[in-house]
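Side chains are part of it too, since the values below use all heavy atoms of this structure and drop only hydrogens, waters and symmetry mates.
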Amino acid sequence: MSAETGTSLTLDLKDEAATRALGQALAARLRIGDLILLRGDLGAGKTALARALVQAHLAAHGIEEDVPSPTFTLVQTYESPDLLIAHVDLYRIGDASELRELGLAEIADEGAVLVEWPERAEAEIRRLSPDSLDISLSLMPEGLRRARLEGRGSWAARLEGLSL
Ligand SMILES: Nc1ncnc2c1ncn2[C@@H]1O[C@H](COP(=O)(O)OP(=O)(O)OP(=O)(O)O)[C@@H](O)[C@H]1O
Ligand SMILES: [Mg+2]
């Protein structure tokens with residue numbers, strides 16, 4: 001597929017170890033300016049995947065940290081010598097002014113932004129970066145999660161060759 005329409009990939013995550021492996025593969029490809037959008041119903045595994053990605057990135061720098069869900073704080077930030085990572089959950093966001101207070105544009109300039117429930121402020125979130133990875137998680141029979149990944153901008157090339 002061309003870089004213009006993006007590249008997409010579907011992966012089946014049969015258990016949490018597979019979700020952690022995907023987090024690890026994405027962490028190895030993460031760069032400043034990245035926007036990762038995590039979609040899916042309640043309990044689909046958005047936080048589990050974000051946690052796996054953040055912890056894999058930190059572990060590569062010898063850092064061990066808890067990664068709680070940002071459901072109530074809206075944003076949690078993590079720092080390594082390479083990157084600042086913001087993990088955001090917009091499920092409970094109010095209006096646009098509340099979004100501005102989170103300072104995501106500044107973080108996108110010097111780090112990566114992972115967003116659960118981006119559809120709560122789709123246009124504003126999309127504007128953060130053209131280098132985006134959309135991940136849609138669906139709950140399948142027997143607890144399996146299906147992940148559909150779509151890379152735009154420089155993420156189109158970075159998705160190629162990704163396997164677990
Ligand atoms: N393969 C899997 N990948 C991810 N999570 C899994 C998997 N199998 C089981 N789970 C479980 O599914 C749940 C996913 O919850 P999680 O908090 O990540 O969902 P969420 O999409 O962030 O929901 P919310 O919209 O409420 O934030 C966890 O309890 C996790 O243990
Ligand atoms: Mg969550």
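Remark: side-chain polar atoms of S8 are not paired, donor with acceptor, to backbone N or O of E150 under 3.5 angstrom. Remark: side-chain polar atoms of R145 are paired, donor with acceptor, to backbone N or O of G143 under 3.5 angstrom. Put simply, the side chain of K46 never gets that close to the backbone of L137: no donor and acceptor are under 3.5 Å apart. Formation of a donor-acceptor pair under 3.5 Å by the S129 side chain with backbone atoms of G33 is found in this model. Judged by distance alone, the side chain of D66 and the main-chain N or O of P68 form no donor-acceptor pair under 3.5 Å. The closest donor-acceptor contact from the side chain of D12 to the backbone of R146 lies at 3.5 Å or more, if one exists at all. A donor-acceptor pair is defined here as one N or O able to donate and one able to accept, closer than 3.5 Å; no such pair exists between the side chain of D41 and the backbone of A44. In this structure a side-chain-to-backbone donor-acceptor pair under 3.5 Å is present from R51 to V67. A donor-acceptor contact shorter than 3.5 Å links the side chain of S80 to the backbone of L83.
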Run L37 and L133 through side chain to side chain contact (heavy atoms under 4.5 Å, CB included) and show every step you take. CA-CA 6 Å; L37 306 177; L133 177 63; over 6 Å; no
Please assess E98 against R120 for the test salt bridge (Lys or Arg N to Asp or Glu O under 4.0 Å), listing each intermediate value before the final yes or no. CA-CA 12 Å; E98 222 180 305; R120 291 282 198 269; over 6 Å; no
Decide yes or no on side chain to side chain contact (heavy atoms under 4.5 Å, CB included) for E79 and I85, but give the supporting numbers first. CA-CA 6 Å; E79 210 173 340; I85 303 178; over 6 Å; no
List the steps and the verdict of side chain to side chain donor-acceptor pair (under 3.5 Å) for E116 and T47. CA-CA 7 Å; E116 296 184 43; T47 298; 2.7 Å; yes
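Taking a cutoff of 4.0 Å between a charged side-chain nitrogen and a carboxylate oxygen, D95 and R100 do not qualify as a salt bridge. Ion pairing between R158 and E160 fails under the 4.0 Å rule for side-chain N and carboxylate O. Salt-bridge formation is not detected for the pair R126/E119: no Lys NZ or Arg NE/NH1/NH2 atom is positioned less than 4.0 Å from an Asp or Glu carboxylate oxygen.
How far CZ of R29 is from CD1 of I36: 11.0 Å, rounded to the nearest 0.5 Å. The line from CG of L90 to OG1 of T71 is 11.0 Å long, rounded to the nearest 0.5 Å. For the atom pair CD of E124 and CG of L102, the computed distance is 11.5 Å after rounding to the nearest 0.5 Å. To the nearest 0.5 Å, atom CZ of residue R148 and atom OG of residue S138 are 10.0 Å apart. A distance of 11.0 Å separates CG in L84 from CD in E106, rounded to the nearest 0.5 Å. Atom CG in D34 sits 5.5 Å away from atom CH2 in W155 (nearest 0.5 Å).
When D134, I125, L128, L35 are each tested for a side chain to side chain contact (heavy atoms under 4.5 Å, CB included) with P118, only one passes: I125. For the side chain to side chain contact (heavy atoms under 4.5 Å, CB included) criterion with I135, the lone passing option out of L114, L53, L49 is L49.
Residues H87 and V115 form no side-chain contact, since every pair of their non-hydrogen atoms from C-beta on lies 4.5 Å or further apart. Considering only heavy atoms from C-beta on, L162 comes within 4.5 Å of L26 through its side chain.
Residues A112 and I107 share a closest heavy-atom pair of O-CG2, 4.2 Å. The two atoms that bring L159 and T7 nearest to each other are CD1-O, 3.4 Å, heavy atoms only. Nearest heavy atom pair, residue I63 against residue P81, reads CD1-CD, 4.4 Å. Among all heavy-atom pairs drawn from G23 and A56, the shortest one is O-CB, 4.3 Å. Residues V88 and P70 share a closest heavy-atom pair of C-CG, 4.0 Å. Between A18 and L164, the shortest heavy-atom distance links the atoms O-CD1, 3.9 Å.
Hydrophobic clustering, with ILVMFWY side chains joined whenever heavy atoms are under 4.5 angstrom apart, keeps L144 apart from L13.
Donor-acceptor pairing under 3.5 Å is recorded for the side chains of T73 and Q76.
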